[in-house]
Protein chains: 2
Amino acid sequence: MSCGPREGHALSQEVKRLATTRRPTLKDVAQAAGVSTTTASVVLNDRRDGVRVPDATRHRVQQTAEDLGYRPNILARSLRTQETRTIGFVSDEVTTTPFAVGMLAAAQDEAARHGYLLFVVNLGPNAPLALQEQAIDQLTQHQVGHFIYGCMYHRLVDPPLGLPADTVFLNCEANGGRHRSIVPDDRQGAYEVAAELIKAGHRRIAFLDDHRHPPASRLRFDGFRAALAEHGLDYEPALHLKTTPFVRGGLVLSDLIGLPAEQRPTAVFCYNDRIAMGAYRAARTRGLRVPDDLSIVGFDDQEFIASELDPPLTTVRLPHREMGQLAIQLVLDEPGALDDVPAPEGNVIRIAGELVRRDSVAKPHSDLGQSDASSS
Amino acid sequence: MSCGPREGHALSQEVKRLATTRRPTLKDVAQAAGVSTTTASVVLNDRRDGVRVPDATRHRVQQTAEDLGYRPNILARSLRTQETRTIGFVSDEVTTTPFAVGMLAAAQDEAARHGYLLFVVNLGPNAPLALQEQAIDQLTQHQVGHFIYGCMYHRLVDPPLGLPADTVFLNCEANGGRHRSIVPDDRQGAYEVAAELIKAGHRRIAFLDDHRHPPASRLRFDGFRAALAEHGLDYEPALHLKTTPFVRGGLVLSDLIGLPAEQRPTAVFCYNDRIAMGAYRAARTRGLRVPDDLSIVGFDDQEFIASELDPPLTTVRLPHREMGQLAIQLVLDEPGALDDVPAPEGNVIRIAGELVRRDSVAKPHSDLGQSDASSS
DNA sequence: CTGAAAGCGCTTACAG
DNA sequence: CTGAAAGCGCTTACAG
């Protein structure tokens, strides 16, 4: 009973035939190996549960699959199992702007670790809800099982319709509070950099704030004030300037450092690194050296900025990678995902940033010109 | 003949039933509308070809689909049609780094315009070929029909196995020359900025080069030399410094500007904006003002850098968005995609960047101190 | 004009 | 241990 398929010769012919035509299917493998598709499926998926396939058969099937270069069609499998192993990453513009792109990269890494693929769609800034819902609909038609909704910067969003209940909002909070969300712990980060300034001896610290007051602004300000309060310092409204969160926004510092010595701040807390970059410039223009004459701290640890300023900027790193990774873990129900993370406040998880000490902080000159630089 | 399904009442019950259970399928719609799945499929896909469905039937089916909230299962459709409308965007690290991220964003936009979804996988820098091929295999199992292989910066890559012949290499060229590729026209860009310097009157122009000599380096250097030659200027090897392509790399400029006035360059062409940033710093340290004492140009128009330098940097914008868009068009065989683009050299298409004039170029001081600033 | 049927490539009860 | 059969949700010749 030399039934074709098992013989080397027939097999190699089969190999040749398939190579020149379509990609081999499970059925091809089964036929070539002389088993049913059931058996072929069971061994190729390594399903141990209950089913025992003799080693000989198992090896024959595996070998045949390899010889034929068989690769399963995930579409067909997904249709049958109702599970695509695919995640939709939709965002306002994390793809467009080099800002929070670490979230996407980390999410992609973590997804790959779990054998998942990421569909990414970038809505663009201020996409109308209808457009967002259309994108979500398209993803849904592709049967994506899980959704992450990412934002470029920490803000509040109206959740588009069509997103499943277990969607994770990344770097934003969904109005209504019905969705889980992961955001940076801006308050804690601000507290830490502010404390850094205070511990260096600063008493009059300016705050260069984002005039549009996004959630992160309030939180960073809270952390700033908490640090002041904890060290018995008063918050001085006159030193709290609202400005535009770009480099040119930092130039408003000029006004403050033009003040008489007793009123002038000795340090500046900037809402973000770009404002800090402007603050450096304002200081230089006024002939003040950083940090000798003026200490400056930022927020974000923005790539190509914070570390490249002269002197390098003390700031707080936003935990974008950690956030992206956690988002995937949550969405996939990874056990223990929440173990290393502070307890959520309701539906929002706040991930701590990290104080990055560089060279933009020094102790202040004495207010009255005494003890200028003679200690050590 | 009051056959159930057509009546409002029965339909609304059907609606209710489905709402509380699974998502409705084409079969559900067909049954509720009292037609076969064939008909339902034909009208919902708006297939005019040959098939004429009476308007009454057509509308009934459409209305039923809407009432039930029917959304096709693309997986099932794709399995049948052998076409997923899905593109694999695999890259070394365009997702990890904020550098060429515009390529991805533009690709995603263009894909959306065509009704395609993007799978993005980020391999990470220097991923071993085996890992790359595994990712490609996974994408292939998901039946993605088209591939784009993107790189963070213009370079040569060994094409991983498994990529289809019509893969488009984006911001890189595949060794072997068998694949289409889209890269910036570095030579032309360099020619333009260099000419800008020469036209301002500069004769001794330093070149701060990337010491690792990526393809872009050679091309930019070629463009630089071509501009010199065209204006009858000699290339002076002593002014050609190889350095590391980061901010600190620009500091080597110190050596050059310490030279006696007759040997000192009056302008600097930097391989990229980060080197230019370092060059600014070196100039400042030596007490030279940009552009009054020294003109500087960069390359890349890197976000948050070029426009934010003081003074803002004249540079060339890399056409990342155009490249990303074109990649999608090529891969989808969009007719006319190549119309607005220079003829390919073999398999490589070079897209021109754009000279961005800002404030870092001025005419040089006279070599011998004469005619300092007294014209005009 | 419309429907019954086959089939895309899998997985998974269910029988034997 | 192994296979025949059903079915995931579609589209598309093919008949009528």
Side-chain angles (χ1 to χ4, degrees), chain A residues 3 5-6 18 21-61 65 68-85 140-145, chain B residues 3 5-6 18 21-61 65 68-85 140-145:
Chain A
C3 45
R6 305 211 184 175
L18 284 169
T21 56
R22 55 178 174 67
R23 298 180 49 203
T25 66
L26 184 67
K27 197 170 155 199
D28 295 321
V29 175
Q31 268 167 5
V35 298
S36 70
T37 59
T38 306
T39 303
S41 176
V42 165
V43 350
L44 293 177
N45 286 308
D46 217 15
R47 316 196 88 268
R48 302 259 149 189
D49 40 309
V51 201
R52 286 249 85 79
V53 180
D55 278 356
T57 312
R58 177 175 300 277
H59 292 148
R60 180 152 41 85
V61 171
L68 297 183
Y70 169 71
R71 307 274 63 202
N73 180 329
I74 306 259
L75 249 43
R77 174 186 294 166
S78 298
L79 182 60
R80 178 59 226 252
T81 61
Q82 306 281 56
E83 159 69 79
T84 54
R85 308 206 128 229
T140 305
Q141 290 179 218
H142 278 264
Q143 313 299 116
V144 336
Chain B
C3 42
R6 306 210 184 174
L18 283 169
T21 57
R22 54 180 174 66
R23 297 181 50 202
T25 67
L26 185 66
K27 198 169 155 199
D28 295 321
V29 175
Q31 270 169 2
V35 298
S36 71
T37 58
T38 305
T39 303
S41 176
V42 165
V43 351
L44 293 177
N45 286 308
D46 217 15
R47 316 197 89 264
R48 302 259 150 189
D49 39 310
V51 199
R52 285 250 85 79
V53 179
D55 278 355
T57 311
R58 177 176 299 278
H59 292 145
R60 181 154 38 84
V61 171
L68 297 184
Y70 170 71
R71 306 274 63 201
N73 181 329
I74 305 259
L75 248 43
R77 172 186 295 165
S78 298
L79 181 60
R80 178 61 225 252
T81 62
Q82 305 282 54
E83 159 68 77
T84 53
R85 308 205 129 232
T140 305
Q141 290 179 217
H142 278 264
Q143 313 299 117
V144 336

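Lettering of chains follows the sequences in order, A, B, ..., and the numbering in each one begins at 1.
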* Spacing of L26(B) atom CG and Y70(B) atom OH [to the nearest 0.5 Å] -> 4.5 Å
* To do: Name all residues meeting the side chain to side chain donor-acceptor pair (under 3.5 Å) criterion together with T39(B); count only those two or more places apart in sequence or in a different chain, and write none if there are none.
  => S36(B)
* Asked: Salt bridge check: are R58(A) and D46(A) linked by an N-O gap of less than 4.0 Å?
  -> yes
* Sidechain-backbone polar pair: R71(B) side chain, Q141(A) backbone, donor-acceptor under 3.5 Å -> no
* Structure fact -> Assert: residue with more 5' nearest nucleotide on DNA chain C, out of L79(B) and P54(B), is P54(B)
* Asked: Would you write out the dot-bracket form of DNA chain C, 5' to 3', with Watson-Crick and G-U pairs under 3.5 Å, [ ] for crossing pairs, | for pairs to other strands and . for unpaired bases?
  -> |||.||||||||.|||
* Determine the minimum heavy-atom distance between L68(A) and P24(A), stating which atoms define it. => O-CG, 3.3 Å
* To do: For S78(A), answer base if it contacts any base atom (sugar-phosphate contacts may also be present), sugar-phosphate if it contacts only those atoms, and nothing otherwise; contact means non-hydrogen atoms under 4.0 Å.
  => nothing
* To do: Rounded to the nearest 0.5 Å, what's the gap from CG on L75(A) to CG on L75(B)? Could you check?
  => 4.5 Å
* To do: Decide yes or no on side-chain contact (heavy atoms from CB on, under 4.5 Å) for V53(A) and V42(A), but give the supporting numbers first.
  => CA-CA 8 Å; V53(A) 180; V42(A) 165; 4.1 Å; yes
* Asked: With sequence neighbours left out, which residue pairs that include part of residues 72-84 of chain B fulfil the side-chain hydrogen bond (donor to acceptor under 3.5 Å, both in side chains) condition?
  -> N45(B)-R77(B)
* Report, as a single string ordered 5' to 3', how protein heavy atoms within less than 4.0 Å touch nucleotides 10-16 of chain C: B base, S sugar-phosphate only, - not at all. => BBBB---
* Roughly how many Å is it from CD in E83(B) to C1' in dG9(C), rounded to a whole number? -> 17 Å
* Side-chain N,O (Q82(A)) to OP1/OP2 (dG9(D)) below 4.0 Å -> yes
* Structure fact -> L68(B) CG to dG9(D) P, in whole Å, measures 15 Å
